[in-house]
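Input: a single structure, listed below in structure tokens.
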Amino acid sequence: MNWEENVRRVVPYVAGEQPKDAGVIKLNTNECPYPPAPGVSRLAREFETADLRLYPALDASPLSDALAERYGVSRDRVFVGVGSDDVLSMIFLTFFNSHRPVLFADVTYSFYDVWASVYHIPYRQIPLLPDFHQDIPAYLSGEAGGIVIANPNAPTGLSEDLPDIERILQANPGCVVVVDEAYVDFGGTSALPLLETYDNLLVVQTFSKSRSMAGMRIGFCIGSEKLIGYLNDVKFSINSYTMNRPSLVCGAEAVRDEEYFQKTVAKVVSTRERAKKELTALGFSFPDSDANFLFATHREIPAQDLYEYLRDRKIYVRHWNKPRIENYLRITVGTDEQMEALYAALRERIAKA
Ligand SMILES: *Cc1c(COP(=O)(O)O)cnc(C)c1O
């Protein structure tokens, strides 16, 4: 017997690069280019370190209270985690526990198949339609072991209409349906109102994009009391204290500053709309993004070439050598200044083509 035969092996998720050199224009991992709300910075500076002696609150207050108030639900319908990656991973572990395959798109957040693999969950990838929209009818058999829809989807940026999400819920009372709304604050429509009707729906969101707090690792989901109860049972069986005290306090402050949040999101959206015009003029096409990134392909120059060219100029965007999407770049919306630098670099390269 060789111990290596008993290792839980998995091909891990590959995150976008986090270059350490200064002066890089980082448009590759969909972070917000603006800082968190001013109150968050103040609290982070003034945090009373004496509190670190004690374990954090078991009910994740004050963060869970702030979220419950903001989204108009009771606190026992909110579950928080160390980024929505942690929340989604717990959801896979808790609810996808049958022999029937979990369904998600072939082109979507590439962590879904990794969680399915690591937990030995059967899954089936549903090809996106040629226009990159979700193939809604493929989710309506009612036979699934679970369903995960990123809406807006990544890396396409496209969102599906709420009635289509509701069709999926209507057809699937026998499994948990997860809507990953990492980008919903930038456009698209949240499935939160459907929670009143469907007790098998979980809506997952994150502080990493629209709330400028990727470095703090905060994510959450909202669902029926029953779903959240089952999630907590699994969480408490692994690590009862997932969130640290500074995150709970700073996260709550970010949620309370609604004005800053709205202002920041509006800035990103306006830069995105401008980017649609600039990139079109440069010969790119892309699905009409509702997120804080554009998924763009150029009519002449291969994406791989552009990716390397930009990286040499310290502009990082994301590129995957994967079927269907190898000729696309996912470009995170940065500040206007960062985007100007991107357009200038692209203009120079395209002039030489
Ligand atoms: C960024 C992202 C997440 C996870 O982000 P966290 O930083 O872990 O909250 C989840 N789903 C999608 C689709 C994402 O793009």
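Counting starts at 1 for both ligands and their atoms, in listed order. Reckoned from all heavy atoms, side chains included, excluding hydrogens, waters and symmetry mates.
Among all protein heavy atoms, the one lying closest to atom 13 (C) of ligand 1 is Asp180 OD2, 3.4 Å. Scanning the protein heavy atoms around atom 8 (O) of ligand 1, the nearest turns out to be Arg217 NH2, 2.8 Å.
Against a heavy-atom cut-off of under 4.0 Å, Ser208 is close to the following atoms of ligand 1: 6 (P), 7 (O), 9 (O).
The closest approach between Gly83 and ligand 1 falls below 4.0 Å for a heavy atom of the residue. Ligand 1 has no atom lying under 4.0 Å from any heavy atom of Asn30.
Polar contact check, Tyr109 against ligand 1: no nitrogen or oxygen pair lies under 3.5 Å apart.
Nearest to atom 4 (C) of ligand 1 by heavy-atom distance, out of Gly16, Ala182, Ser84, is Ser84. For atom 14 (C) of ligand 1, the nearest non-hydrogen atom from the set Lys209, Gln205, Glu31 belongs to Lys209.
Looking at Arg324 and Asp106, a side-chain N of the basic residue comes within less than 4.0 Å of a carboxylate O on the acidic one, giving a salt bridge. Glu278 has a carboxylate O that lies under 4.0 Å from a charged side-chain N of Arg274, or vice versa, which qualifies the two as a salt bridge. Salt-bridge annotation for Lys276 and Glu273: present, with a side-chain N of the basic residue lying under 4.0 Å from a carboxylate O of the acidic one.
Aromatic rings from Tyr109 and Phe104 are positioned such that their centres are separated by 6.0 Å or more. For Tyr71 and Phe220, the gap between ring centers is short of 6.0 Å. In summary, the aromatic rings of Tyr119 and Phe92 are positioned with their centroids too far apart to meet the 6.0 Å limit.
Inter-residue side-chain proximity for Leu202 and Phe95 is flagged as met; some heavy-atom pair is nearer than 4.5 Å.
At a 4.0 Å heavy-atom cut-off, ligand 1 touches Tyr183 through the side chain alone.
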